[in-house]
Amino acid sequence: MSIGRFAPSPTGILHLGNLRTALASWLSARSKGGRWIIRMEDVDGPRCRHEFGEQQLRDLAALGMESDLPVIWQSDRSQAYRTALGALHEADRLYPCHCTRKDLQMLASAPHEEDGLRPYPNLCRPRPWEGFETALRFRLPDGPVAWTDELMGLQRDDPATRTGDPLLFRRDGLFAYHLAVVVDDGFQKVTEIVRGMDLRSITATQIRLQEALSLPRPAYAHLGLVTAPDGSRLGKRGGALGLTELHGRGVPVPDLLGWLGFSLGCLGRPEPCAAADLLPRFDWAKVGKGPIALPVDWI
Ligand code: GLU
């Protein structure tokens, strides 16, 4: 059975791009008769707030999307992440890292990738094991990873040269996003991951982690981002456009769903509808690959 998930971080409202991703993942799983689940990724320390997560769940429900299984909050899952770290240590894939933020800032000062960060040069790899109370990095194997993206086709990326060995655990007790995502997708038997294009660059690292934990590889689809009407990056105003703000601007839920459905190739033009109306019309082959501009009168 197909199992899709939407995995927001409760650090604020769900903006238009998040809502589009949520709907695409819902349509993809449900149109195959599969399950759709929501997971709250609140491992990111103080930026995450329970109230934001609750609001996100209410907004998704208002659009007609509810999780088929109880919502998992990653802050409740520390034990599972510890167990995974134990397995990675058994497989000799972890090493302690003592680099300070300052060391890493110096490394990051010469832009390399499009995100402006140089890969971590695996400085601490030679360190002997010191136990689980220290920062831990994952030893990546050399070489590229290939996978097929539902929208982008064949992808190839080398995480070892892009990012270097990722940090999985911080000395202050925080588990890294990569670890939590991979462990939970495995635990929840997720078969398809739909998310924004801005996360495409971390897919290869996550595939390496799945391999190291002997977890199956889900299918991936990375959706183009929502831009301002002129195609530029959404600024603060547009970036904060969520359900409540749109409502305040006179965009009722059926109109929003109509635009989202249109933007995902389900409708020839935006027209008011319910999420369920879009189900029989959803087809990945009709979803555009590029970014999509939000309507002029919404901003
Ligand atoms: N929690 C991540 C975010 O909101 C998304 C993770 C994922 O879909 O893999 O940016």
Side-chain angles (χ1 to χ4, degrees), residues 2-32 34-42 48 52-74 149-151 177 181 184-185 188 190-200 218-227 234 238-247 251-267 270 273-279 281-284 286-288 291-292 294 298:
S2 295
I3 303 186
R5 51 71 156 178
F6 178 58
S9 304
T11 52
I13 58 151
L14 291 176
H15 57 68
L16 209 49
N18 303 135
L19 296 175
R20 183 167 180 261
T21 302
L23 182 62
S25 67
W26 185 86
L27 288 169
S28 179
R30 286 292 183 84
S31 63
K32 298 183 189 105
R35 276 203 182 126
W36 183 74
I37 52 186
I38 303 175
R39 183 171 72 227
M40 282 292 159
E41 304 211 312
D42 58 342
C48 294
F52 286 140
E54 296 293 348
Q55 183 62 48
Q56 293 182 347
L57 294 174
R58 280 195 294 274
D59 285 357
L60 291 166
L63 294 184
M65 293 181 275
E66 283 178 273
S67 184
D68 289 325
L69 293 177
V71 174
I72 280 188
W73 293 71
Q74 289 188 325
D149 187 284
E150 188 76 54
L151 276 173
Y177 154 73
V181 163
D184 287 342
D185 284 332
Q188 298 189 288
V190 167
T191 61
E192 50 179 62
I193 292 179
V194 178
R195 57 189 180 188
M197 186 59 86
D198 50 341
L199 295 178
R200 180 207 163 272
Y220 285 94
H222 288 93
L223 275 182
L225 301 182
V226 177
T227 68
L234 274 179
L241 263 189
L243 199 60
T244 313
E245 292 69 25
L246 284 167
H247 199 256
V251 184
V253 164
D255 289 46
L256 170 59
L257 281 164
W259 181 78
L260 293 172
F262 162 71
S263 83
L264 292 169
C266 303
L267 302 173
C273 67
D277 299 334
L278 302 169
L279 273 173
R281 304 172 183 205
F282 180 76
D283 179 359
W284 276 114
K286 292 195 206 147
V287 182
I292 178 108
L294 61 80
W298 286 8

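Side chains are part of it too, since the values below use all heavy atoms of this structure and drop only hydrogens, waters and symmetry mates.
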For a 4.5 angstrom cut-off between non-hydrogen side-chain atoms, does [X] reach [Y]?
| X | Y | result |
| --- | --- | --- |
| Glu150 | Glu192 | no |
| Phe282 | Leu23 | no |
| Ile37 | Val190 | yes |
| Trp298 | Leu16 | yes |
| Val181 | Arg39 | yes |
| Thr11 | Cys48 | yes |
| Pro8 | Ile38 | yes |

Taking all heavy atoms of [X] and all of [Y], pick out the closest pair and write down the distance.
| X | Y | value |
| --- | --- | --- |
| Trp73 | Gly53 | CH2-CA, 3.7 Å |
| Val253 | Ala62 | CG1-O, 3.7 Å |
| Leu267 | Cys273 | CD1-SG, 4.2 Å |
| Cys266 | Arg281 | O-CD, 3.3 Å |
| Leu257 | Ala275 | CD1-N, 3.7 Å |
| Ser25 | Phe6 | OG-CB, 3.9 Å |

Approximate separation, where rounding is to 0.5 Å, of [X] [atom1] and [Y] [atom2]:
| X | Y | atom1 | atom2 | result |
| --- | --- | --- | --- | --- |
| Trp259 | Arg20 | CH2 | CZ | 6.0 Å |
| Leu27 | Arg30 | CG | CZ | 10.0 Å |
| Asp68 | Trp26 | CG | CH2 | 9.5 Å |
| Trp36 | Leu60 | CH2 | CG | 5.0 Å |
| Arg35 | Ile3 | CZ | CD1 | 5.5 Å |
| Leu279 | Lys32 | CG | NZ | 11.5 Å |

Would you tabulate the side-chain donor-acceptor contacts of residues 219-226 under 3.5 Å, counting partners in other chains and residues two or more places apart, or write 'none'?
residue	atom	partner	partner atom	Å
Tyr220	OH	Gln210	NE2	2.9
His222	ND1	Asp149	OD2	2.8
His222	NE2	Arg195	NE	3.0
His222	NE2	Thr203	OG1	3.2

- Item | side chain to side chain contact (heavy atoms under 4.5 Å, CB included) between Ile13 and Glu245, worked out | CA-CA 10 Å; Ile13 58 151; Glu245 292 69 25; 3.8 Å; yes
- Query: Who passes side-chain hydrogen bond (donor to acceptor under 3.5 Å, both in side chains) against Asn18, sequence neighbours left out?
  - Reply: His15
- Going through the checks in order, is the side chain to side chain contact (heavy atoms under 4.5 Å, CB included) test met by Met40 and Leu57? CA-CA 9 Å; Met40 282 292 159; Leu57 294 174; 3.8 Å; yes
- Query: Short question: side chain of Gln56, backbone of Gly12 - any donor-acceptor pair under 3.5 Å?
  - Reply: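 Such a contact is found between Gln56 side chain and Gly12 backbone.
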